[in-house]
Amino acid sequence: MPELPEVETVATALRSHLPGRKVTGVTTRCEKLRRPMPVKALQNLINVTIRGVRRRAKYLLIDMNCGQTLVIHLGMTGTLRLTDKDDAAKRHDHLDLQLDNGECLRFRDPRKFGLVMVVKPNELGEIKELGKLAPEPLSEEFSSDYFYRLSRKRTTPVKNFIMDQRRVVGVGNIYASESLFRTNIRPTTTVGRLGLKRCSQLVKTIKEVLNEAIATGGTTISDFHGVDGSEGAFVRKLQVYGRTGKPCVKCQEPIKKIIIGGRSTFYCPKCQKR
DNA sequence: CGGTGGACCTGCTGGC
DNA sequence: TGCCAGCAGGTCCACC
């Protein structure tokens, strides 16, 4: 799925297309994703103009002129595309917003782990999904001190910790493995045992990896792509993710794959220390 | 509260 | 060639 860089890539693209456009029609083809499709609230967006597009964590926030915000989470397999209004919808195209320029914002999500909500912006913090979110990883609030303080006495593996959206948002399974590889930290390491120096390196590296991924338009694994269908280029910079058995780019040792917290995790057993 | 494991969905693929 | 277990970028909830 889309982790922060992929969502940011989508948000940036939408920002240059959507603001000022008026919604002329809404079509829903699915009753329930992670939550029930808010059909009525979506219908109320007809004839409303789009004010702007923001991102918070892995959520896309499309602010409307009526004072409502359309919240979309892409889950594992969600995509947003701008299509021509005449393009026939395919299986798993769950939501269309027709626009006044003849285009259509189309949300597709085969696995239905995504989320569509319509809320008032001042209620964003009260929504369960958005209320408990941690600082943005690219903000100053996500600092070495913050990380060090928060991780003391925590016994969870460092990989789980950096993927926990209550500690820092936006880091998912790919960038977690990549960030730990670059800092030579083994994913299984108990986070509370990392010293300030390694915490500091990890924080810095997470920012670096996310920024690089944003700069290259994200990572395309199977079905992520930009709103125009383009593919993310960060996939070519992956050093451990999905490289089981292949030589480590630093030491040639075969990359190992293990399961942590139910998720595939990749690391170099020689470079990455406990 | 903290940590873990399963559930939620559908589609693709690797290995027999 | 064909089948199916296993796996997929996320989040939530129940349980210890």
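Just so it is clear: chains get the letters A, B, ... in the order the sequence lines come, proteins before strands, and each one is counted from 1. Just so it is clear, the structure is predicted and the values come from calculations on it, not from any experiment.
Leu74(A) has its CG atom 11 Å from the P atom of dG10(C), to the nearest Å.
A stacking contact links Phe113(A) to dC8(B): the aromatic ring centre lies within less than 5.5 Å of the base's six-membered ring centre, and the planes differ by less than 30°.
DNA chain B lies under 4.0 Å from at least one heavy atom of each of the following residues of residues 152-161 of chain A: Arg154(A), Thr155(A), Thr156(A), Pro157(A), Asn160(A). Of all the residues in residues 258-268 of chain A, not one reaches under 4.0 Å from DNA chain B with any non-hydrogen atom.
Between Val171(A) and Leu4(A) there is no side-chain heavy-atom pair separated by less than 4.5 Å.
The Lys32(A) side chain lies nearest to dC9(B) when the options are dG10(C), dC9(B), dA8(C).
Contact annotation: Gln165(A) does not reach the phosphate of dG10(C) (side-chain N/O to OP1 or OP2, under 4.0 Å).
Salt bridge absent: Arg29(A) and Asp93(A) never bring a charged side-chain N and a carboxylate O closer than 4.0 Å.
Taking the P atoms as reference points, dC9(B) lies 23 Å from dC4(C), given to the whole Å.
Looking at heavy-atom distances under 4.0 Å, Lys257(A) makes contact with sugar-phosphate atoms alone, never a base. Among the protein residues, Arg91(A) comes within range of the sugar-phosphate backbone only, with heavy atoms under 4.0 Å from sugar or phosphate atoms but none that close to a base.
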In dot-bracket notation, what is the pairing pattern of DNA chain B, taking Watson-Crick (N1-N3 plus N6-O4 or O6-N4) and G-U wobble (N1-O2 and O6-N3) contacts under 3.5 Å, with [ ] crossing and | for other strands?
.|||||||.|||||||
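Tested against Lys159(A) for a side chain to side chain donor-acceptor pair (under 3.5 Å), the candidates Asn173(A), Asp164(A), Thr188(A) yield a single pass: Asn173(A).
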